[in-house]
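For reference, the structure is listed below as structure tokens.
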Amino acid sequence: MSRSYFHLHLVSDSTGETLINVGRAAAAQYEGVSAIEHVYPLVRSRAQLERVISEIQAAPGLVLYTLVDQELIARLDEACRETGSPTLNVLQPVHALLRSYLGADSTARPGAQHMLNAEYFKRIDAMNFTLAHDDGNLPPDLDEADVVLVGVSRTSKTPTSIYLANRGLKTANFPLVPSMPLPASLANTRKALIVGLIASPERIVHIRQNRLLSLKADDNSMYVDRSAVADEVAASRKLCAKYRWPTIDVTRRSIEETAAAILDLYREHRLKFIAT
């Protein structure tokens with residue numbers, strides 16, 4: 001099937017992350033169609049908007065925006081009508097619903113979600129903690145961590161940890177290596193949620209082979225032996241069952257999907273911890 005393309009203009013008065021995520025999530029539902037993204041962040045003046053409009057005029061397409069300045073919105077809508085480019089204020093339906101439910105008007109503040117508040121600094125602390133406690137570098141007191149990920153090599157522990165840190169969770173990770181004893185702190189921790197990441201042997205072997213290839217290393221080792229890897233996975237499953245650690249199969253999960261499942265487990269874990 002041939003693939004078709006369309007121009008997708010994303011205009012934001014902040015970082016543009018909200019628009020990018022919404023645009024990609026929606027476009028992914030249409031097979032055989034790809035968006036050519038034009039991202040315009042931090043558009044907060046008429047001069048900046050006019051430069052955006054000139055690019056829309058050069059490549060008409062869909063226009064999604066998150067602007068709060070009514071004059072900029074009116075000008076963008078007018079220009080898009082002239083070029084025949086459909087537009088949508090992505091946050092407007094949400095604002096309308098909130099306004100109806102809360103009975104209050106919003107305050108127009110570009111980038112309000114990115115203010116340097118307590119939540120922001122919590123994420124910074126979580127990221128610093130996570131980077132310092134990667135790949136087996138466990139803290140002296142494991143209860144300093146919110147989450148600890150365990151799993152054999154190449155089960156996406158590090159990228160998942162970083163994603164969770166960006167959501168404000170202090171995350172450490174520990175590799176499960178054959179014949180390497182488990183730290184006593186992992187078995188004794190009470191506060192931290194420990195989650196085992198597993199994957200199919202075939203998937204792990206494939207990733208490990210690519211890793212060795214990128215390093216130009218010899219792939220004739222137990223590290224990529226199908227039977228040995230299967231034993232590693234079975235041992236990790238057994239270990240998690242022994243300590244009643246929840247497991248997540250990451251074979252066909254994206255980092256975002258894995259992190260979402262862990263966040264759900266963490267919410268349940270915190271409720272149990274608070275109850276006790």
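A quick note: this is a predicted structure, and the numbers were derived from the prediction, not measured.
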#### Entry: Members sharing Tyr5's hydrophobic cluster (side chains within less than 4.5 Å)
Ile36
List the atom pairs, donor and acceptor, that lie under 3.5 Å between side-chain atoms in residues 87-101 and the rest of the protein, sequence neighbours left out.
| residue | atom | partner | partner atom | Å |
| --- | --- | --- | --- | --- |
| Thr87 | OG1 | Asp77 | OD1 | 3.4 |
| Asn89 | OD1 | Leu91 | N | 3.4 |
| Asn89 | OD1 | Gln92 | N | 3.4 |

### Task
Identify, with sequence neighbours excluded, every residue that meets side-chain hydrogen bond (donor to acceptor under 3.5 Å, both in side chains) alongside Arg167.
none
#### Entry: Results of side-chain hydrogen bond (donor to acceptor under 3.5 Å, both in side chains) for Ser12 - residues two or more places apart only
Thr66
### Message
For residues 152-176, which residue pairs pass the ring-ring contact (aromatic ring centres under 6.0 Å, His included) check, not counting sequence neighbours?
### Response
none
### Task
Report the residues that fulfil ring-ring contact (aromatic ring centres under 6.0 Å, His included) with His7, sequence neighbours left out, ordered by chain and then residue number.
His38
### Task
With sequence neighbours excluded, give me every side-chain hydrogen bond (donor to acceptor under 3.5 Å, both in side chains) pair touching residues 245-257.
Asp249-Thr251, Ser254-Glu256, Ser254-Glu257
### Summary
Asn128 meets the side-chain contact (heavy atoms from CB on, under 4.5 Å) criterion, sequence neighbours left out, with Ile124
### Task
Could you list the residues that satisfy side-chain contact (heavy atoms from CB on, under 4.5 Å) with Leu142, not counting sequence neighbours?
Leu138, Pro139, Val148, Ser185, Leu186, Thr189
### Task
Provide the full list of ring-ring contact (aromatic ring centres under 6.0 Å, His included) pairs with a residue in residues 122-162, sequence neighbours left out, each pair given once.
Phe129-His133
### Task
Check side-chain contact (heavy atoms from CB on, under 4.5 Å) between Pro175 and all other residues, then give those that pass, not counting sequence neighbours.
Asp135, Lys157, Val177
### Query
Counting only heavy atoms not in Tyr30, do more than 12 fall under 6.0 Å of its OH?
no
## Note on the structure
Residues at least two apart in sequence or cross-chain that pass side-chain contact (heavy atoms from CB on, under 4.5 Å) with Leu215, listed by chain then number, are Arg211, Ala217
